[in-house]
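Have a look at the structure below before the remarks.
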Amino acid sequence: MLRLEKRPQPSRAWAWATPVLAVVLTMIAGGLLFAALGKDPVEAIRTIFWDPLFGQYASYSRPQLLVKAGPLILIAIGLSLGFRAGIWNIGAEGQYIVGALCAAAVGLAFYPSEARWVIFPLMIVAGALGGLLWAMIPGLLKVRFGTNEILVSLMLVYVAENVQSWMALGPLRNPEGMGFPGSRNLAQYPAAANPELIAGTGMHWGVVAALLAVIAAYVLLSRHLLGFHIRLTGESPRAAAFSGVNPGALILICMGASGALAGLAGMFEITGPSGRVSIDFNVGYGFTAIIVAFLGRLHPVGILLAGLLLALTYIGGEVASLTLRLPVAAIQLFQGMLLFFLLAVDVLTNYRVRRAREGTA
Amino acid sequence: MTEPLLRLSGLTKAYPGVVANRGVSFDIRPGEIHALLGENGAGKSTLVKTIYGLVKPDEGRMAWRGAPFAPGKPSDARAAGVAMVFQHFSLFDALDVAENVALGMENPPPMGELAARIREVSDTYGLPLDPGRIVGDLSAGERQRVEIVRCLLQDPRLLIMDEPTSVLTPQEVEILFETLRKLRSEGTSILYISHKLEEIRALCEHATILRLGEVVATCDPREASAREMAEMMVGSALHRPARAAKAPGEVVLQLDGLTAASPRPFGTALKDVSVEVRAGEVLGIGGVAGNGQDELLLALSGEMRTAAEMVRLKGAPVGRLGPTARRRLGLLCAPEERNGHASAPDMSLTENALLTGGVRKGMIRKGFLDWGKARGFAEEVIRGFDVRTPGPGAAARSLSGGNLQKFVIGREILQAPQVLVVNQPTWGVDAAAAAAIRQALLDLAAGGAAVIVVSQDLDELMEISDRFAALNGGALSAPVPTGGLTVHRIGLMLGGAHDMEVAHVEA
């Protein structure tokens, strides 16, 4: 009989070892899954984790790593602040969409002006503000009426998706698009574009923003009173209230920050890699970022690494579906398993496993 | 000599890092009230949980009327005739009395029949209870009656009572004792757990004294003095706090008609609480748990806001200010629950030092934290209050109750407050640590601070306070000087017997 025994202190070693263990377990379980699908598991794992970086076509896929990791990290950093405080914003996908739409609307409103130094910063502000306001809906409802932010933020994703379809078909539709849905291509509009900054690296302004967010979050959480209040609220809400934290304000700050960063991610995506508002330009970064946040232990540096790893599974998954004809759903399952195993082995941080002697309660 | 009802032989139970019981042996005879005496952490709880089937001993045996007795779960123990009233009640606030009683029974009778039996038993033993009342509306004493009646309905041979009087007024204690004596006269044995020596001397014929998990002495409490028993319990002579006489200074804290609803369901609203506390004095506030102590502390700490003029600090209205602003002005608090309210259990002592010390100790500059100062302050508290811990990096939850309490109280005292409010400063703390904490509070007052001690331990309040006031149903009595107060008078201030009555049937 195995028995769990609470540790007197959370184990620091295990806190860092569990993500690695979760990745290993995911590879094993994923390998079994691929084997059951009739694929060679070793080859499948290699295709997902190795080929995108060092394989035959790596020069094409390598820049994609930063392109995909940028929004994931940016969103996950914002989410991690709330998650640390026990505020569960699950609707980053919606905030990402609304941020992108607001930024696109501002950019298109200026079309075809060439004043990039006005337009691009304005679009950044619009993107952040759009995400922030969308996140304020669940935030204010929670503070004012005690609603559940998980449900409200999640459902607002579906609202945002419908707004997005309407925008693509209506107000933001390309007037020169011959009636097809979708906006003008912002990536080809120099005043609004978010281009690759260094050729062949995938580095764009969104990646820069993500790196700045990592540094800012690190400083905030380790050196600033607000970061301390966020952590304290997550550890013990009553102790936080005793310390002087205003819970309502903290909820709004955390929801606002995560919404703004998600909106920013949307802005950088719609002006760069994605290019235009279509009925379904969102690819689930807002949801995958939840996995990134947890896999990175809600720690900024961990999130940086986890974002790169998840980006790798995205790219590797695409490669695998092309070369090995693995179904796309198998890749999503793979990402889901990662979170599942992480949460499962997480118990080792706070508990140690002991062999229980027969007959003891 | 009659056969014992329950014989314990060599019971040993070890938990990781601590031996809770080591070779504990004693007998409980039919129809006796047997005291189990010991400090917090002496192993009393583990022992009674063993008898009640909640804990399996590593070694040793029990015999029930001569037959081997090894209950695997509480229902086995109940089937044999063991009943237990826990220190912390296991009642549902939102249900009524009869429903709560039914929840504890294996095969509850129909509600109407059960209500009638509750009335009958409660009348017989002088524990009046209305089966239809919602438990959330009952006083602590009444809740205990629910627990006792629940036990009596099982017709137990052995009734275990864990610290039963900690929630009762002195008058209620006397009524409880009448009930227990009546049960004894009917042949029921009672295992009575307490650290209140005078009660044990008034009630029990046998006492078994535990220290660090072992039986260190047995005695007849009617013949031993309280001091002898205390020293057997602690293992050394007790240190009594010393205090210097002083003239009270100016009024520092003033509560003026403080009225506020409780933020929690079934909490107690504060009703027109008015009192003045002067520099250099200790005001003791006594009361049975749940009479507004928590709410009073929240209103003073700033976690609960009131009208501005209801709380004045040196004349300035602070009722609308939050905890941080009040701390800056010198009004500091230490709540009752040290784990999860006064401290964050999973955070380090350094972080917990910052939890309240940030403003007054200059650990925050323009929003940025000075961790070096926080660690220094944590070390200062650890040194100054003899907190046993590997260092400031240790998580708060890794400390024992007494050590964490010393840290929490020390953290506030070392911030040099103008006013310090503490709730249950020595609850669940061993005697040596309790004495140290009381001495520190007295020293703080001697240094010119106003100190408010909220406690259920009347002995503690008599020992350290200059004036005493009672909190009853959210209202505070007028404070009276402690000198010359009798236990009877205090009992009346605490709300008397809360409408209880002595057992009807002649014992």
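The figures here come from the full heavy-atom set of this structure, side chains too, leaving out hydrogens, waters and symmetry mates. Each chain gets a letter, A, B and so on, in the order its sequence line appears, and its residues count up from 1.
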From CD (A/E235) to CG (B/N352), nearest 0.5 Å: 9.5 Å
Salt bridge B/E351-A/R231, side-chain N to carboxylate O under 4.0 Å: yes
Backbone N/O of B/D370 and side chain of A/R223: donor-acceptor pair under 3.5 Å: no
Heavy-atom neighbours of B/F86 CZ exceed 12 at 6.0 Å: yes
A/F242 six-ring face occupied by B/R338 cation (under 6.0 Å, within 45°): no
Part of A/V219 within contact of chain B (heavy atom distance under 4.5 Å): side chain
Closest contact, heavy atoms only, A/L225 versus B/I364: CD1-CD1, 3.7 Å
From B/L369 atom CG to A/S222 atom OG, the distance as rounded to the nearest 0.5 Å: 8.5 Å
Worked verdict on B/E303 versus A/R238 for side-chain contact (heavy atoms from CB on, under 4.5 Å): CA-CA 9 Å; B/E303 289 163 86; A/R238 285 182 66 214; 5.8 Å; no
Under 4.5 Å from any heavy atom of chain A - which part of B/A394: both
Winner by heavy-atom pair count (cut-off under 4.5 Å) against chain A, out of B/E337, B/R365, B/R327: B/R327
Beyond-backbone contact of A/L232 with B/M347, side-chain heavy atoms, under 4.5 angstrom: yes
Residue B/L355 versus chain A: region with a heavy atom under 4.5 Å: both
Top contributor to chain A interface from B/G72, B/G322, B/G302, B/G340 [non-hydrogen pairs under 4.5 Å]: B/G340
Test item: A/S236 side-chain N/O and B/A344 main-chain N/O as donor-acceptor pair under 3.5 Å: no
Interface residue of largest heavy-atom contact number with chain A, from B/C333, B/G367, B/S343, under 4.5 Å: B/G367
Side chain to side chain, A/F228 and B/M363, heavy atoms closer than 4.5 Å: no
A/W88 atom CH2: more than 12 heavy-atom contacts under 6.0 Å: yes
Side chain / backbone / both / neither for B/P57 at chain A, heavy atoms under 4.5 Å: neither
